[in-house]
Asks: 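Here you go, one structure.
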Amino acid sequence: MSDDAILKVRDLYRTYDISGGLFKKASQLTAVKGVSFDVERGSTLAVVGESGCGKSTLARMLTMIDAQTSGSIEVDGLPIDISKTGISKDMRQKVQIVFQNPYGSLNPRQKIGHVLEEPLLLNTDMSAAERRDMALAMLEKVGLQPEHYGRYPHMFSGGQRQRVAIARAIMLKPKLLVLDEPVSALDLSVQAQILNLLKDLQDEMGLTYVFISHDLSVVRYLADKVMVMYFGEVVEYGTREAVFENPHHDYTKTLFAATPQADVDSIRKRLAAKAA
Amino acid sequence: MPLLEIRNLKVEFDTAKGAFKALDGVDYTVDAGEVLSIVGESGSGKSVAMLAVMGLLPDTATITADVMEFEGGDLRTLSSRERRKVIGKDISMIFQEPIASLNPCFTIGFQLAETLKIHTDLSGPERKARVLELMRAVGIPDPEGRVSAFPHQMSGGQCQRVMIAMAIACSPKLLIADEPTTALDVTIQKQILDLLVQLQQESGMGLIMITHDMGVVAETADRVIVQYKGRKMEESDVLSLFENPQHTYTKALLSALPENATGDRLPTVSDFAEAGGF
């Protein structure tokens, strides 16, 4: 695999203990079963799969929310195993995450300016004036206005809140950004704006994305490489062209067949079948 | 005579800042055996229109319409008691969140039988048989075993099947599905859409599909109404809508689909709004 990989994951496992009840024995559930992959600097890896396939568990391990049971994660040359070494400020600055629901991921009683400054306050020694300047510059960068600095999250639309969440995630100039279904709660036209923003930011800051999604049309638009997960295992992994044009695993084929086709030919075919 | 005919429907909500117009003079007609899709973004009033038909809007809403008829009967003058005889029997509705729409305290068998108890004269054992028949029709495996299951013991897709079974329990003439697959995975979405279209074709009922997903429109609709900010932007059959969209807003919606991306950037609706003006 390539040398310029910013993220190297080898043989990653995560097991959860399910506590027993009065009539049930305690058992174990393996959410991620031996996943290995590389992500190159400045590229986008899309992780696709249905609910319960382990894609969010993977995101939690990459962002150091959860520790892996076994296997290794290496971000920009730095090995990560929080159950043994804990988390340093250095590690926190390398990986950040944007969550699916922009209504749930912002504190309703925290002003936007403070939302953006908090990562700097916790992880750097910047003065208040420097933090404020950086927050204002960041607002502009994600397409918001300086006057939004003192406003509260409820005064924003869903798309604007997702911009704030993205701004917060890139405040520390991370190497790797994990995006957990960042556009699935948004309207189609707003989704297009956010996808454009993500592309611009990637070009400008050389960000690397791990993009988790179940929407194949978005994946096709954004991803360089695609990884399909099914019941905790990787069933398909390759470049976007290879996966979309020549899927090997049955699950990937099912997934493609289930995606609604919005082109004129498919509509014609459906109407013809219906008339017959 | 159309199954459902609505002319010049207006819905206003009283708010602290004065009246808010959610719908501003929109017409809807649905024939028996037809699939009408109402598509629009959040705030376009697509759900409000059908909630007005069902009488499910809160008291703060003021509903006016020139015509609002179901099978020739005026829906505007119905008392709540009369309306309840129509709703759930001749018109029924499926909502977006299947798990939230079911009562967690009762088994799904009980909840399915409840609809039958209210709207039909079937005896207890007959109802039980009909419940099993319905569960089989919507493709729930092992109906005899699942009939005594509680909603939390079933997956989201299974719960949506139960909701569909409940909606078709009394063989409605019109089924309104409000974003029936938005909370579901793609593979499950496909199954549910196929099921709805199959049931619609077998029974010849009218189906109104409310959605924001152009893919769902393409897969199910005969006719499409595009709404934006409480107004109708365009109405046409599904093929001409995708082949030759007339309104700028429809063009904007279609080009914002990632699969239609031509260049490096996706055009957004606001790009079109500046150029086209709507």
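Labels below follow one simple rule: chain letters A, B, ... track the order of the sequence lines, proteins then strands, and each chain is numbered from 1.
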Asks: Measure centre to centre between the rings of B/Phe150 and B/Phe106, then say whether the value is under 6.0 Å.
Replies: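 Not close enough - the centres of the two rings lie 6.0 Å or further apart.
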
Asks: Examine whether an atom of A/Arg220 lies under 4.5 Å from a heavy atom of chain B, and if so say whether it belongs to the side chain, the backbone or both; otherwise answer neither.
Replies: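 Neither part, no heavy atoms under 4.5 Å.
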
Asks: Sort B/Gln189 into side chain, backbone, both or neither according to what part of it lies under 4.5 angstrom from a heavy atom of chain A.
Replies: side chain

Asks: Give every residue pair that meets the side chain to side chain donor-acceptor pair (under 3.5 Å) criterion with at least one member in residues 199-210 of chain B, sequence neighbours excluded.
Replies: B/Gln198-B/Glu202

Asks: How about B/Val197 and B/Val35: do any of their side-chain heavy atoms sit closer than 4.5 Å?
Replies: no

Asks: With the threshold set at 4.0 Å, does a side-chain nitrogen-carboxylate oxygen contact exist between B/Asp24 and B/Lys229?
Replies: no

Asks: Checking salt bridge (charged side-chain N to carboxylate O under 4.0 Å, His left out) for the pair A/Glu204/A/Lys141: CA distance, chi angles, key distance, verdict?
Replies: CA-CA 10 Å; A/Glu204 206 177 304; A/Lys141 198 175 221 167; 3.8 Å; yes

Asks: Heavy-atom pairs under 4.5 Å with chain A are the metric here; pick the option from B/Asp222, B/Thr220, B/Asp194 that has the most.
Replies: B/Thr220

Asks: Using heavy atoms and a sub-4.5 Å threshold, report which of residues 151-159 of chain A line up against chain B, by residue number.
Replies: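 Hits under 4.5 Å: none found.
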
Asks: What I want to find out is whether B/Glu179 reaches B/Lys46 closely enough, with some N-O distance under 4.0 Å, to be called a salt bridge.
Replies: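 Yes, charged N to carboxylate O under 4.0 Å.
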
Asks: What part of A/Asp200 lies closer than 4.5 angstrom to a heavy atom of chain B: side chain, backbone, both or neither?
Replies: side chain

Asks: Assess whether a salt bridge exists between B/Glu219 and A/Arg270, defined as any Lys/Arg side-chain N lying under 4.0 Å from an Asp/Glu carboxylate O.
Replies: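 Result for this pair is no, no salt bridge flagged.
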
Asks: Between A/Asp4 and A/Arg41, is there a salt bridge with N-O shorter than 4.0 Å?
Replies: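 Looking at A/Asp4 together with A/Arg41, the answer is yes, because their closest N to O distance falls below 4.0 Å.
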
